[in-house]
Amino acid sequence: MTIEKQITEKFCKAIETLYSQAIDINTVQISKTRKDIRGDFTINVFPYLKISRKSPEQTAIEIGKQLTDSLPEIDSFDVIKGFLNLVLSDSFWVQQLNNKNEPIPSRKNALIEFSSPNTNKPLHLGHIRNNLIGHSISEILKANGQTVTKVNLVNDRGIHICKSMLAWQKWGNGESPETSGMKGDHLVGKHYVEFDKKSKANVAYLFNLFKEYKKLPASFTKEQIAAQIGMFETAERISNELNYPTVKRIINSLKIIQSKQINTNQEIDFIEQVVSALIESPLYSAQEMLLKWEEGDKDIINLWNKMNGWVYEGFDITYKELGISFDKTYYESQTYGLGKDEVLKGVTAGALIKKEDNSVWADLTDEGLDEKLLLRSDGTSVYMTQDIGTAIMRKNEFNADEMIYVVGNEQNYHFQVFRLVLKKLGYEWYDKIFHLSYGMVELPEGKMKSREGTVVDADDLIEEMYATAKSISQELGKLEGHSESEIQKTIKMVGMGALKYFILKVDPKKNMVFNPKESIDFDGNTGPFIQYTHARICSIIRKAKEAGIVIPGKADDKTTITETEKSLLKIISDFDNIVVEAGEELNPAIIANYVYALVKEYNLFYHNLPILKESDKTKQDFRLLLSFVASEKIKYSMHLLGIEVPERM
RNA sequence: GGUUCCGUAGCUCAGUUGGAUAGAGCAACAGCCUUCUAAGCUGUGGGUCGAGCGUUCGAAUCGCUCCGGAAUCACCA
């Protein structure tokens with residue numbers, strides 16, 4: 001039982017003894033005493049004045065006396081206004097070092113989905129945040145004793161993949177990662193950008209054609225003019241709205257006009273130019289390609305397999321650098337048909353609505369939302385349908401007590417609807433689905449946009465972190481006398497530590513800003529600072545061993561301690577609470593803030609008090625043990641964040 | 001326009017089940033290496049916690065109204 005719990009229990013008893021009234025233990029608010037005031041724990045007695053019918057001071061003093069008598073750990077107390085500040089004995093704090101933190105037993109079984117990339121372009125900073133949060137949450141839940149299954153759902157199909165494929169086919173000259181020297185995901189991403197460029201050029205060309213056409217004398221009938229107007233309307237919006245249905249519509253109306261054979265030669269010329277430009281347009285071709293993919297066209301499937309393979313090779317490298325892994329990877333090409341049967345069952349059961357055009361909808365108006373499409377009129381699935389299918393499949397496969405989806409906050413609405421649809425379909429575990437909604441990583445100017453080339457590429461950023469770590473280490477002369485492989489290892493640890501900590505110290509649900517012009521710090525509240533403190537402690541422990549000093553296995557509770565040591569002990573003893581809190585809140589930032597506070601406090605201790613140079617053997621032993629336990633907490637906390645710590649740096 | 005989220009120091013962020021004088025880091029300035037790693041430590045300056053009203057012993061925290069920003073509201077995923 002934690003000391004807080006013990007104190008609150010005795011507090012309730014004291015109230016009952018003094019004022020003969022029982023209170024609920026959960027209403028007692030106990031907190032750590034402010035640093036500038038004497039005391040370790042504080043209870044505010046304001047809420048109990050109605051019961052005591054005495055002044056705040058009087059009440060606090062009476063309760064304080066009772067508590068001091070009933071708990072040997074409490075040495076003394078102070079009362080300031082209505083605040084009862086309890087002072088615990090030094091020996092209590094010293095013995096905190098002897099507590100072995102065991103994972104809290106739990107039978108919960110959590111499933112967590114994260115990463116979930118598209119296979120048409122490389123990973124960027126947003127993905128990094130997703131991956132780091134997912135990995136860290138997994139570790140935190142494990143530390144809370146839960147069984148965790150990490151899954152990835154790769155979006156490997158759809159129009160965006162076809163865009164890259166088409167561009168590669170048309171303008172790629174058969175290049176591969178081997179011949180181009182590019183990482184597979186980057187190569188595919190390059191073609192995705194190429195597609196966009198070519199598509200824009202095509203639209204601009206069409207737009208000009210229409211503009212020229214407007215200058216021609218018209219020779220159409222009334223109906224044909226009406227068709228023309230529709231065409232021009234489309235033309236005006238063509239630059240941002242060109243899509244497959246539009247393209248098809250224009251082609252059809254042009255062909256009708258052409259078939260009337262009343263046009264001038266110039267007009268026939270125009271129509272032919274537009275039609276061929278449209279049919280040749282990248283967008284039209286990509287859509288045709290998607291249709292072929294869905295029909296199972298052999299060549300297209302082969303190309304798709306080849307290019308996705310490149311992307312996976314690239315992703316694997318990035319995942320490995322980031323230290324991310326999964327227990328299972330799902331591919332959307334295998335799951336996108338799922339959910340359809342469930343939806344149809346829902347129709348039969350009357351939970352869902354089928355409209356005249358055969359499309360299927362969930363009516364969520366009674367939940368304050370709109371109707372939501374689940375099956376298109378042609379019977380095909382949409383995103384929501386797939387999610388329903390995979391959720392049911394996973395529930396059957398893993399029977400998780402909790403299904404966590406690490407997905408950006410732009411999909412908050414989707415998940416709201418998702419849960420409600422599952423509820424409507426009668427799956428009572430709908431409330432076990434938790435959308436861990438994380439905020440966007442933004443640039444100082446706003447959102448990252450791939451079209452404007454402002455996306456921060458994951459691999460580039462990682463390389464940059466390594467380079468910075470290297471130059472800083474060299475400047476500080478930290479790497480002298482180390483082997484080349486050790487240097488490489490340390491640089492990677494530190495660079496990656498800076499990046500990961502930078503991201504994870506921010507509350508996941510908040511949007512955060514990354515400024516590419518200012519490199520990520522290595523001083524202050526940063527990963528390297530924490531790693532550095534760990535290295536410092538390791539150095540002391542090394543030196544102790546060299547001097548033949550053995551770190552005691554247990555703290556001697558007769559050791560006298562200073563305020564600095566006590567502060568450090570307090571933070572160390574808070575560790576278990578923090579792990580539980582981070583698990584409940586699904587928030588790695590709680591761990592990050594904790595370990596920073598711990599390290600800061602340790603540095604104060606390190607600076608103020610001698611350790612190996614302490615002549616009093618009892619004190620030396622205690623400080624060595626304190627240092628050792630601190631280093632273990634640091635290492636473990638950082639492990640929960642997915643960050644490694646070096647023994648020297 | 002509807003819904004949801006956000007607004008704390010010049011910048012990046014803590015602090016929010018209501019508690020004492022709102023905290024860190026960066027940046028700026030001033031100190032500390034013959035002493036266990038100076039990626040460290042100490043100090044100075046920097047705030048209308050977006051604004052107003054309310055709830056109460058007490059509000060950055062809760063409620064209402066504004067102001068500013070973001071996301072979302074597809075037979076896209």
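Throughout, a chain's letter reflects where its sequence line sits, starting with A, and its residues are numbered from 1.
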Among the nucleotides B/A39, B/C6, B/C41, whichever has the atom closest to the side chain of A/Val494 is B/A39

Winner on side-chain proximity to A/Asn593, out of B/G19, B/A14, B/A39, is B/A14

### Message
Quiz question: going by heavy-atom distance under 3.5 Å, is there a donor-acceptor pair between the base of B/A39 and the side chain of A/Thr533?
### Response
no

Review point. Is the ring centre of A/Tyr532 under 5.5 Å from the base ring centre of B/G40, and are the two planes under 30° apart, so that they stack?
Key: no

For atom [atom1] of [X] and atom [atom2] of [N], their distance in whole Å:
| X | N | atom1 | atom2 | result |
| --- | --- | --- | --- | --- |
| A/Ile30 | B/G19 | CD1 | P | 15 Å |
| A/Tyr501 | B/A39 | OH | C1' | 14 Å |
| A/Tyr602 | B/A38 | OH | C1' | 16 Å |
| A/Arg129 | B/U12 | CZ | C1' | 13 Å |
| A/Glu445 | B/C11 | CD | P | 15 Å |
| A/Asp36 | B/A22 | CG | P | 11 Å |
| A/Ile503 | B/C13 | CD1 | C1' | 14 Å |
| A/Lys32 | B/G19 | NZ | C1' | 15 Å |

Write down the distance separating the [atom1] atoms in [N] and [M], rounded off to the nearest Å.
| N | M | atom1 | value |
| --- | --- | --- | --- |
| B/G2 | B/U8 | C1' | 29 Å |
| B/C64 | B/A28 | P | 44 Å |
| B/U56 | B/G50 | P | 23 Å |
| B/G58 | B/U16 | C1' | 16 Å |
| B/A60 | B/G18 | P | 13 Å |
| B/A24 | B/G47 | C1' | 15 Å |
| B/C75 | B/A70 | P | 25 Å |
| B/A74 | B/G68 | P | 26 Å |

Side-chain donor-acceptor contacts of residues 486-498 of chain A below 3.5 Å, not counting sequence neighbours, with atom names and distances?
{"from": "A/Gln488", "atom 1": "NE2", "to": "A/Glu484", "atom 2": "OE2", "distance (Å)": "3.4"}
{"from": "A/Thr490", "atom 1": "OG1", "to": "A/Glu486", "atom 2": "O", "distance (Å)": "2.8"}
{"from": "A/Lys492", "atom 1": "NZ", "to": "A/Glu321", "atom 2": "OE1", "distance (Å)": "3.2"}
{"from": "A/Lys492", "atom 1": "NZ", "to": "A/Glu321", "atom 2": "OE2", "distance (Å)": "3.4"}

request  = Could you tell me whether A/Lys617 atom NZ has more than 12 heavy atoms of other residues or ligands within 6.0 Å of it?
outcome  = yes

Paired with A/Asn118, the side chain to side chain contact (heavy atoms under 4.5 Å, CB included) test is passed by just one of A/Asn155, A/Val311, A/Leu123, namely A/Asn155

Could you go through residues 584-599 of chain A and list every donor-acceptor pair under 3.5 Å that involves a side-chain atom there, pairing it with any protein atom two or more places apart or in another chain?
{"from": "A/Asn587", "atom 1": "OD1", "to": "A/Ala589", "atom 2": "N", "distance (Å)": "2.8"}
{"from": "A/Asn593", "atom 1": "ND2", "to": "A/Ala589", "atom 2": "O", "distance (Å)": "3.2"}
{"from": "A/Tyr594", "atom 1": "OH", "to": "A/Ile571", "atom 2": "O", "distance (Å)": "2.8"}

Sorted by chain and number, sequence neighbours left out, side-chain hydrogen bond (donor to acceptor under 3.5 Å, both in side chains) with A/Thr33 holds for A/Thr42

Applying side-chain hydrogen bond (donor to acceptor under 3.5 Å, both in side chains) to A/Arg542 and not counting sequence neighbours gives none

Students often mix this up, so state it plainly: with edges at 30° and 60°, are the rings of A/His127 and A/His124 parallel, tilted or perpendicular? tilted

Classified by glycosidic angle (syn within 90° of 0, else anti), B/C33 comes out syn

For A/Ser471, the side chain to side chain contact (heavy atoms under 4.5 Å, CB included) test, sequence neighbours excluded, returns none

Paired runs of 3 or more consecutive Watson-Crick or G-U pairs involving RNA chain B, with both pairing distances under 3.5 Å, are B:1-7 with B:67-73, B:10-13 with B:23-26, B:28-32 with B:40-44, B:50-54 with B:62-66

Sorted by chain and number, sequence neighbours left out, salt bridge (Lys or Arg N to Asp or Glu O under 4.0 Å) with A/Glu647 holds for none

Expected list for residues 466-477 of chain A near RNA chain B, using heavy atoms below 4.0 Å, is A/Ile472, A/Ser473, A/Leu476

Assign each of A/Gln416 and A/Arg542 the nucleotide of RNA chain B bearing its closest heavy atom; nearer the 5' end lies the nucleotide of A/Gln416

Any ion pair linking A/Asp40 and A/Lys570 (charged N to carboxylate O, less than 4.0 Å)? yes

Within the 4.0 Å heavy-atom criterion, would you say [X] contacts the bases, only the backbone, or no part of the nucleic acid?
| X | answer |
| --- | --- |
| A/Asn603 | sugar-phosphate |
| A/Phe529 | sugar-phosphate |
| A/Asn85 | base |

Looking only at heavy atoms, what is the nearest atom pair of [X] and [Y], with distance?
| X | Y | answer |
| --- | --- | --- |
| A/Val455 | A/Met448 | CA-SD, 4.0 Å |
| A/Ser381 | A/Lys340 | OG-CB, 4.1 Å |
| A/Val45 | A/Leu84 | CG1-CB, 4.4 Å |

Heavy-atom contacts, protein to nucleotides 69-77 of chain B, under 4.0 Å, summarised as B (base), S (sugar-phosphate only) or - (none) per nt, yield -SSSS-BSB

With B for base contact, S for sugar-phosphate-only contact and - for none (protein heavy atoms under 4.0 Å), nucleotides 23-36 of chain B reads -SSS--------SB

Using residues 523-530 of chain A as the side-chain source, report each donor-acceptor pair under 3.5 Å to any protein atom, sequence neighbours left out, with the distance given to one decimal.
{"from": "A/Asn525", "atom 1": "OD1", "to": "A/Tyr501", "atom 2": "OH", "distance (Å)": "2.6"}
{"from": "A/Thr526", "atom 1": "OG1", "to": "A/Phe522", "atom 2": "O", "distance (Å)": "3.4"}
{"from": "A/Thr526", "atom 1": "OG1", "to": "A/Phe529", "atom 2": "N", "distance (Å)": "3.3"}

Do A/Arg157 and A/Tyr336 form a cation-pi contact, if we require the NZ or CZ to be under 6.0 Å from the six-membered ring centre and within 45 degrees of the ring's axis?
yes

I'd like a table of donor-acceptor pairs (distance under 3.5 Å, sequence neighbours excluded) in which one partner is a side-chain atom from residues 365-373 of chain A, with atom names and distances.
{"from": "A/Thr365", "atom 1": "OG1", "to": "A/Asp363", "atom 2": "OD1", "distance (Å)": "2.6"}
{"from": "A/Thr365", "atom 1": "OG1", "to": "A/Asp363", "atom 2": "OD2", "distance (Å)": "3.4"}
{"from": "A/Glu371", "atom 1": "OE1", "to": "A/Lys355", "atom 2": "NZ", "distance (Å)": "3.0"}

